[in-house]
Amino acid sequence: MPTAVIAVLAVFFLGMGVYGLAAPAALIRPFGVVLGSPAARTEVRAVYGGFGVAMAGLLAAAAADAHGVRQGAVIAVACALGGMAAGRLVGWAADRSGGFYPTWFYFCVEAAAAGALLAVL
């Protein structure tokens, strides 16, 4: 079961990463952000696309326990997800954004994914 959890999260990150690389404006649209310049699209491709693909690769290595990286890789990705969730809390406290979607939805996804990864250690 632990390997399945890691693999599912790898697929999630891969999907986010590929989507971020291919369609950055569509990926960020639910947050009310309009990407009006090539630099803005490149930023989303880097942060959502490149990061997502890198996390997918790290989780794939963890699932395979390539070179004994499983524990470190799982902790690293769990920390990244926890940091993302914490950033949403700070953003909510600063701006009091309303509604469940997208802020709280993604907070729940990130916090649950971080917890699931820590649970498989």
- Task: Report the residues that fulfil side-chain hydrogen bond (donor to acceptor under 3.5 Å, both in side chains) with Arg70, sequence neighbours left out, ordered by chain and then residue number.
- Result: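 Applying side-chain hydrogen bond (donor to acceptor under 3.5 Å, both in side chains) to Arg70 gives Thr3.
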
Not counting sequence neighbours, list each pair that qualifies as a salt bridge (Lys or Arg N to Asp or Glu O under 4.0 Å) and has a residue in [range].
{"range": "residues 50-63", "result": "none"}
{"range": "residues 22-44", "result": "none"}
{"range": "residues 6-28", "result": "none"}

Is [X] linked to [Y] within one hydrophobic cluster, defined over Ile, Leu, Val, Met, Phe, Trp and Tyr using a side-chain heavy-atom separation of less than 4.5 Å?
{"X": "Phe13", "Y": "Val11", "value": "no"}
{"X": "Val8", "Y": "Tyr19", "value": "no"}
{"X": "Val120", "Y": "Leu118", "value": "yes"}
{"X": "Val109", "Y": "Leu89", "value": "yes"}

Ring pair (Phe, Tyr, Trp, His ring centres under 6.0 Å) partners for [X], two or more places apart:
{"X": "Trp92", "answer": "Trp104"}
{"X": "Phe31", "answer": "Tyr106"}
{"X": "Phe105", "answer": "Tyr101"}

- Distance, nearest 0.5 Å, that separates CD1 of Ile6 from CG of Leu121: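 The CD1 atom of Ile6 sits 7.5 Å away from the CG atom of Leu121.
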
Let me have the donor-acceptor pairs involving side chains of residues 71-81, under 3.5 Å, with sequence neighbours excluded, atom names and distances please.
none

- Query: Which residues pass the side-chain contact (heavy atoms from CB on, under 4.5 Å) test with Ala40, sequence neighbours left out?
  - Reply: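 Ala40 satisfies side-chain contact (heavy atoms from CB on, under 4.5 Å) with Leu35, Ser37 only.
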
- Task: Could you note down all residue pairs passing side-chain hydrogen bond (donor to acceptor under 3.5 Å, both in side chains) where residues 107-121 supplies at least one of them, sequence neighbours left out?
- Result: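 Qualifying pairs: Arg88-Glu110.
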
- Task: Among residues two or more places apart or on two chains, list those pairs meeting side-chain hydrogen bond (donor to acceptor under 3.5 Å, both in side chains) that have a residue in residues 111-121.
- Result: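 Sorted result for residues 111-121: empty, none.
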
Indicate every side-chain donor-acceptor pair of residues 45-61 with a distance under 3.5 Å to a residue at least two apart or in another chain.
unit_1	atom_1	unit_2	atom_2	d
Arg45	NE	Leu21	O	2.7

- Item | Heavy-atom closest contact (Phe107 atom, Ala85 atom, distance) |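 Nearest pair, atom of Phe107 first, then Ala85: CD1-O, 3.4 Å.
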
